[in-house]
2 protein chains.
Amino acid sequence: MEEARLAVSRHAADLFWKHGVDGTSGDAIAEAAGLSKRTVWRYFRSKEACAEPLLLATELRFAAYLEAWPRSQSLEAYLLATMRAFVGDEQYVRDGVAAARLVAMLPKEPALRSAWLMACAQAEEQFVRVVAARTGRSPEEFDVRLCAATAMAALRLVDEEISSAAINGGRHFTLDELSGRIAAAIRVACTLPICDPVED
Amino acid sequence: MEEARLAVSRHAADLFWKHGVDGTSGDAIAEAAGLSKRTVWRYFRSKEACAEPLLLATELRFAAYLEAWPRSQSLEAYLLATMRAFVGDEQYVRDGVAAARLVAMLPKEPALRSAWLMACAQAEEQFVRVVAARTGRSPEEFDVRLCAATAMAALRLVDEEISSAAINGGRHFTLDELSGRIAAAIRVACTLPICDPVED
DNA sequence: AGAGATATGGCACTAAGTGACAGGCGGTGC
DNA sequence: GCACCGCCTGTCACTTAGTGCCATATCTCT
C-alpha cells in the first residue's frame, strides 16, 4: 500500500521532471504507473501530493536510520557511516536523484513546494521520535518538538542548497562533503544536546 | 492588489472555519468576496491558497515589526512592546483570531496545512532579512538563512500550540504569556546571537 | 480625445477529483 | 470443494477547480 504509493510517486516525479507539473496530467501519471485514474486519486488527494512519497522516502529513510543511531556515536560519525551504507542501495540512490531533481525545481514550481513542505513536516514527526529517544524525554514535550523542528529546518535548507547546486549548477559532492554539511547544519540547529555521544 | 487578495482571504477563512475546506466551493468564496469566480482564480492558484494571505498577514506584520527592531533592545522587550501596539489595531486582532482558527484546524484539514507551511516559508524570507540586518551579514549566507529557518520553525510551533490551546482548548493567554513564550522559543532556536542587544 | 496598460467579468472548456456500483482476488470457515 | 468476507481496483457518470480567450471598464500619459 505504502509501497504502491511510492511506486506511483516515482513515475509522477519522472513526469514532473520531464514536462513540469502543469505539463503532466493525472491521466498521464495513471498511465505511467499502470493504474486507473481512479486509483491514483484514491492514493493522493491532489496532483502535487503525488510527489510526496518520493520526497518523503529520502528523508524518512534518513530518519529511520537515525532511529538506530547508537547512543555512543557522534552525529558526524554515524551520518557518514549510514551514507556509505546508502550508496550501496541502488533504489535509494535513484530515489535520491529523483528527489533532488524535484527539490531543484522548487523555485519554478510553487505546487511542488507545498508537497516538499508537507514531506518535511511528516519527516519532522519522525525526528521528534529520534530526539525523544536520544534525550530520554517525551515526544510531547515542547522542547523535544522544537529541537526536531529546528533540526528538520536545517536538513531542509541543506537539501535545498545541495540539490540546487547539484542539479542546476552541475556541482559534484563527495560523501564526506554531503554528510559533513548535513551534520554541521543539524549540529548548529539542534537545541538539545543530541549530536554528541550520550552516556546512559 | 495585495490588499485585495487579503480581503478575499478573510472571507475564505471565514467560510473554511464555518463549513470546512471541502464544504466551501470556489463559487462561495467568490460570492462572499463580491468578485467573479474568474477573478478569484486569478488571485489564487488553488482553493487552499486562498488561506495564505491571511495566515501570512499575521506572521508578516510580526516580521515587519521586527524589521524595525532597535539594535539596542532585547527580543523580549521589543516583542512585548510591539504586541501591546498590536492589540490596539482591531483589524490585526480580528485577523489574528481568524488565523488562529485556521491553524487550530490543521490536524483535520490537510489541505490547510500546505497553505500554512507555504505562508511560513514566505515569512521565513522576511526573517532572513531581519537576521541579516541585525547581524550585519548578507541574506545569502547559509548561516543567516539557517538562523531565520530555525527561528521561523520555533514561531510556527508556538503558533500551532497556542492556536490549538486557545481555539480547541478554550484557553486564555495574557500578552505577557504570549510574547514570553514566543520570545523564549525563538531565543532557544536562534543559531546566531540576535536576541540580545547588539552593539554597533 | 485617443493609445496603451491594467483589472475585471462572462463563458466555454479542460482537467482535477468524487460517488456509486460492479467485479476480482486472497483469506477463512466448513 | 464452496460459500462468505473484506479489501482493492476499474468503469462511468458527475461535480467542481481552474484556464483560455475575448469583451469591457478604468486609469494614465501625452
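Naming: A, B, ... by sequence-line order, numbering from 1 per chain. Note that the structure is predicted; figures quoted are calculated from it, not measured.
- For A/E67 and A/Q126, the side-chain atoms include at least one donor-acceptor pair closer than 3.5 Å.
- With contacts defined as side-chain heavy-atom distances shorter than 4.5 Å, the pair A/M83/A/L80 does not qualify.
- A/K47 contributes a side-chain N or O that, together with a main-chain N or O of A/V21, makes up a donor-acceptor pair within less than 3.5 Å.
- Side-chain contact check for A/W116 versus A/E59: some heavy-atom pair is nearer than 4.5 Å.
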Using the 3.5 Å cut-off, write out each protein N or O paired with an N or O of nucleotides 4-7 of chain C and the distance between them.
none

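- Side-chain contact between B/E161 and B/R156 is absent, with no heavy atoms from C-beta onward closer than 4.5 Å.
- In this structure, the ring-ring contact (aromatic ring centres under 6.0 Å, His included) partners of A/Y65, at least two apart in sequence or on a different chain, are A/F86.
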>> Generate the contact string for nucleotides 13-28 of chain D. Rules: B means base contact, S means sugar-phosphate contact only, - means no protein heavy atom under 4.0 Å.
In response: ----SBBBB-------

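- For the pair A/R171 and A/F173, the cation sits on the ring face: its NZ or CZ lies under 6.0 Å from the ring centre, inside 45° of the axis.
- Taking a 4.0 Å limit (strictly below) on heavy-atom distances, residues 10-20 of chain B does not reach DNA chain C anywhere.
- Residue B/T39 places none of its side-chain N or O atoms closer than 4.0 Å to OP1 or OP2 of C/dT8.
- For B/F44, there are no ring-ring contact (aromatic ring centres under 6.0 Å, His included) partners, not counting sequence neighbours.
- Under the side-chain contact (heavy atoms from CB on, under 4.5 Å) criterion, A/D143 pairs with A/R137, not counting sequence neighbours.
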>> Between B/D176 and B/R84, is the side-chain contact (heavy atoms from CB on, under 4.5 Å) condition met? List the steps.
In response: CA-CA 9 Å; B/D176 294 82; B/R84 287 227 169 90; 4.2 Å; yes

